[in-house]
Amino acid sequence: MTKRTDYCGRLSSDDIGRTVTVCGWVSKRREHGEFLAFVDLRDRTGIVQCVVDHAHDIRSEYVLAVTGTVRERPPETANNDLPTGSIEIGEATVEILSHAEPPPFQISGRVDVDETIRIRHRYLDLRTSRMQRNLRSRAAINAAIRRSMDDQEFVELETPMLIASTPEGARDFVVPSRLSPGNFYALPQSPQLFKQLCMVGGMDRYYQIARCMRDEDLRADRQFEFTQLDMEMSFVDGREVRAVISEAVSEAAEVITGERPDSIPEIPWSEAMNRYGSDKPDIRFGLELVDLTSVFSDTDFNAFKAPTIKGIKVEAGGDIGRNQLDQLTDKAKSWGAKGLVWVKVGSSGEVTSPVAKFMSEAEISGLLSTMEATEGDICYLVADEWRKVVHVLGLLRLELARPPVNEGGLCFLWVVDFPLFEDVDDDGNPLPAHHPFTMPHADDLELLSKSSVASDLLEVRSQAYDLVLNGWELGSGSVRIHRRDIQQQIFHLLGIGEEESQQKFGFLMDAFRYGAPPHAGFAFGIDRLVALLVGEENIREVIAFPKTQSGTDPLTNAPTSIDQTQLDELGLRVLPPAT
RNA sequence: GGUCCCGUGGUGAAGUCUGGAGUUCACGCUGGCCUGUCAAGCCAGAGGUCGCGGGUUCAAAUCCCGUCGGGACCGCCA
């Protein structure tokens with residue numbers, strides 16, 4: 001085989017006169033009769049035009065080694081759309097290294113191809129400039145993150161993939177044990193407990209680019225397996241953790257955009273919920289939620305006799321048709337609202353609304369002034385309990401105005417002061433908002449120990465924080481509990497008894513007996529970060545071999561059945577499907 | 001568990017609402033012509049179980065029911 005001397009996309013006018021050999025795939029062939037043809041050869045660096053005197057037996061995606069002399073193109077034939085467009089490889093001889101059948105889709109095509117077909121033939125899809133760019137960007141981001149963490153004196157440690165199942169959190173993927181039939185390993189949802197053990201072990205600053213697995217339904221931003229930058233630090237508070245992570249993601253953003261992002265603002269969770277109706281607000285645009293509860297405090301309108309009323313205003317949004325309004329109302333209902341009230345503002349301040357007749361003059365003027373609504377605007381109102389109101393309006397806000405992924409810049413945001421408990425379950429036990437090792441806010445410790453009233457407990461803040469980028473949750477972290485007494489108090493509140501906590505987390509509790517440093521950490525999703533940085537709506541576009549939304553792989557056909565022999569060895573029996 | 005959208009030669013779309021011959025467009029593919037193209041051009045050609053099954057009808061890509069596959073979202077994701 002002829003040895004490559006150069007890459008296609010790196011040839012330039014500096015190489016004129018050199019005899020070179022390039023290797024790659026045939027991107028395009030243009031024949032001009034028997035004695036002149038152009039072959040565009042593609043490798044990972046780009047495309048170069050090769051001039052050959054006979055190309056009839058060369059087809060798309062053949063693998064070639066082309067040898068010839070670099071020369072300037074006749075000026076009138078230069079191609080300014082191509083980085084190598086001013087030169088070409090002349091009088092080229094071609095060695096065919098591999099023949100190729102016509103691919104199932106065009107590698108250099110201009111139309112989008114059905115994603116299932118792309119994934120089924122991912123080895124071809126990876127040749128496209130889009131996937132080359134995305135995966136190379138991903139590698140550059142990984143390198144930048146590693147560089148940043150190394151510079152900040154973190155040590156990269158590996159934690160096990162086969163671990164014990166803990167029933168909290170997401171559904172586990174499990175692996176049957178051959179040597180211990182009937183017992184199972186779980187694949188890690190995150191290295192959480194191990195990194196805390198590393199802190200007890202005096203590693204001080206740990207990080208890992210870790211694969212995590214969660215058996216939950218897939219989405220545009222969720223795959224079964226995903227990659228996180230996972231880290232933990234000793235003797236620090238949350239502020240220092242956020243500084244380290246801010247540095248790492250800024251480095252990552254800079255290698256892609258060429259610019260360092262501004263310092264990342266912080267917003268308390270309660271403010272995020274009240275202003276944006278989300279704990280991962282997309283702050284690239286306004287359309288903030290406005291509180292109207294006091295405006296309707298004495299209302300006669302039954303639908304507005306609710307703990308919370310909020311609205312959002314779309315400026316000049318009043319020309320929306322009845323049909324679309326009905327669709328928005330249906331959506332709001334599907335998100336859990338009882339209904340969606342809309343109010344259009346006319347030229348002299350009069351309003352049009354299906355429920356206008358139920359509102360008093362004072363309420364209407366209060367509504368318009370509070371929302372600063374003027375002619376041509378439309379307001380959408382939801383009345384319900386607070387949690388539901390902000391949830392529905394938060395989704396409506398995104399529905400109405402969310403920009404495409406590649407518009408509006410990069411708006412990083414820290415959401416801080418999350419509540420310690422998200423809600424109360426049917427037995428009256430509070431549910432942790434983050435995980436049960438999250439340290440309560442120092443100022444709320446008293447509230448925590450004094451009260452066991454659910455409404456009080458939901459007020460307790462935690463030292464947990466999320467990093468958000470353009471409305472995507474990149475990751476979360478917290479200051480951890482390193483004191484056994486507080487940890488036991490939390491377990492008690494969560495309804496986890498002594499025996500249960502010992503069984504599930506005993507190894508961590510035991511470790512804490514022997515001198516646990518105060519510690520805090522974070523983890524963020526690299527798939528999501530990469531997708532947003534390269535402007536993709538979907539993390540599958542930045543994963544070499546992703547799965548479909550139903551969790552299958554059209555390339556390998558996973559998941560598949562396994563041999564009876566394998567089942568026997570593992571002591572497993574497969575039940576017939578439930579009917 | 002739920003809501004919505006999509007499925008038509010190798011690829012992408014139109015046709016479906018309003019039933020009437022597998023019709024159309026672009027790319028690709030095969031053959032021919034063509035000595036400066038680069039979305040090459042010109043000529044000719046091949047290529048289809050309209051995802052699958054059932055129903056309605058004289059007649060179904062089109063309407064109805066079911067099912068499979070893909071996608072977006074709600075729930076879920078400590």
Side-chain angles (χ1 to χ4, degrees), chain A residues 27-41 47-56 59-61 73-82 84-85 88 90 101-121 124 166-172 189-190 192-193 212-224 226 327 330-337 391-392 394-395 398-399 418 420-423 425 430-438 462 464 473 476 478 490 494 496 504-505 525 537-538 540 547-552 554:
Chain A
S27 179
K28 210 81 186 179
R29 177 199 65 167
R30 293 177 294 279
E31 270 190 290
H32 287 256
E34 199 178 344
F35 302 111
L36 175 68
F38 302 99
V39 172
D40 290 341
L41 201 68
I47 284 173
V48 70
Q49 172 168 287
C50 309
V51 186
V52 295
D53 60 9
H54 180 260
H56 194 65
R59 299 292 147 125
S60 285
E61 301 308 320
R73 294 198 197 180
E76 69 278 9
T77 66
N79 181 356
N80 293 325
D81 298 332
L82 210 60
T84 59
E88 63 191 7
E101 291 178 18
F105 56 90
Q106 290 165 253
I107 311 298
S108 318
R110 301 180 303 280
V111 290
D112 287 339
V113 180
D114 179 83
E115 206 189 345
T116 318
I117 294 167
R118 290 176 54 207
I119 296 176
R120 181 170 297 131
H121 305 277
L124 297 178
T166 54
E168 270 69 31
R171 196 176 294 113
D172 279 327
Q189 299 176 24
S190 81
Q192 181 61 36
L193 298 174
C212 306
M213 290 79 169
R214 296 179 188 173
D215 187 3
E216 298 290 348
D217 289 0
L218 293 78
R219 286 283 203 292
D221 62 350
R222 284 170 19 195
Q223 286 265 304
F224 283 153
F226 58 100
Q327 282 173 17
D330 287 345
K331 278 197 171 144
K333 285 178 179 166
S334 77
W335 296 327
H391 173 70
V392 171
L395 291 172
L398 296 177
E399 177 76 21
F418 269 72
L420 190 61
F421 304 111
E422 189 167 79
D423 211 342
D425 70 13
L431 301 164
H434 187 48
H435 56 56
F437 318 110
T438 307
S462 72
E473 182 195 319
S476 44
S478 62
I490 296 290
L494 294 173
I496 302 174
K504 289 176 185 165
F505 311 115
E537 307 267 4
N538 195 304
R540 292 188 298 272
K547 292 188 175 50
T548 67
Q549 197 169 67
S550 53
T552 63

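Each chain gets a letter, A, B and so on, in the order the sequences are listed, and its residues count up from 1.
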Under 4.0 angstrom, heavy atoms only, what part of the nucleic acid is A:E61 near: base, sugar-phosphate, or nothing? nothing
If only side-chain N and O atoms of A:T116 are considered, is one of them under 4.0 Å from the OP1 or OP2 phosphate oxygen of B:rG69? no
Atom pair distance, as rounded to whole Å: CD in A:E422 and C1' in B:rG75: 13 Å
Return the nucleotide paired to B:rG10: Watson-Crick means purine N1 to pyrimidine N3 with N6-O4 or O6-N4, wobble means G-U with N1-O2 and O6-N3, both under 3.5 Å. B:rC27
When you check the phosphate oxygens OP1 and OP2 of B:rG12, does a side-chain N or O of A:Q106 lie under 4.0 Å from one of them? no
Quick one: is A:R118 getting a side-chain N or O under 4.0 Å of the B:rG12 phosphate, OP1 or OP2? no
Distance check, C1' atoms only: B:rA26 and B:rG69, in whole angstrom units. 26 Å
Would you measure the distance from the C1' atom in B:rG19 across to the matching atom in B:rG12 and give it in whole Å? 26 Å
For A:H56, report the nucleic acid contact type (base, sugar-phosphate, nothing); a contact means any heavy atom under 4.0 Å. sugar-phosphate
Can you find a pair of side-chain heavy atoms, one from A:T84 and one from A:Q49, that are under 4.5 Å apart? no
B:rA72 versus B:rC25 - spacing of their C1' atoms, nearest Å: 28 Å
Is the phosphate of B:rG28 approached by A:R59 (side-chain N or O, under 4.0 Å from OP1 or OP2)? no
Separation of atom NE2 in A:H32 from atom P in B:rG41, rounded to whole Å: 10 Å
I want to verify a distance call: between B:rC29, B:rG70, B:rC76, whose nearest atom is closest to the A:D217 side chain? B:rC76
Which part of the nucleic acid, if any, lies within contact of A:I117, taking any heavy atom under 4.0 Å across all strands shown: a base, the sugar-phosphate backbone alone, or nothing? sugar-phosphate
Listed nucleotide nearest any side-chain atom of A:L36, set B:rG12, B:rA39, B:rU35: B:rU35
Using a 4.0 Å heavy-atom cut-off, does A:A433 contact any base of the nucleic acid, only the sugar-phosphate backbone, or nothing at all? sugar-phosphate
A:D112 CG to B:rC27 P, straight-line distance once rounded to whole Å: 17 Å
Which value, in whole Å, describes the distance between the P atoms of nucleotides B:rG47 and B:rG10? 11 Å
For B:rA44 and B:rU24, measure between their P atoms and round to the nearest Å. 15 Å
Can you measure A:R222 atom CZ to B:rC76 atom C1' for me and round it to whole angstrom units? 6 Å
If you measure from the C1' atom in B:rC42 to the same atom in B:rU37, how many Å do you get, rounded? 15 Å
Which part of the nucleic acid, if any, lies within contact of A:T552, taking any heavy atom under 4.0 Å across all strands shown: a base, the sugar-phosphate backbone alone, or nothing? sugar-phosphate
Name the pairing partner of B:rU16, where a pair is Watson-Crick or G-U wobble with both distances under 3.5 Å, or state none. none
Nearest to the side chain of A:D81 - B:rA39, B:rU37, B:rU11? B:rA39
A:V111 side chain: which of B:rG12, B:rC73, B:rG70 is closest? B:rG12
Under 4.0 Å from OP1 or OP2 of B:rG75: is there any side-chain N or O of A:H391 that close? yes
What nucleic acid atoms does A:S550 come within less than 4.0 Å of, heavy atoms only: base, sugar-phosphate, or nothing? sugar-phosphate
Mind checking the P distance from B:rC64 to B:rC17? Whole angstroms is fine. 9 Å
Please give the distance between the C1' atoms of B:rU16 and B:rC29 as a whole number of Å. 29 Å
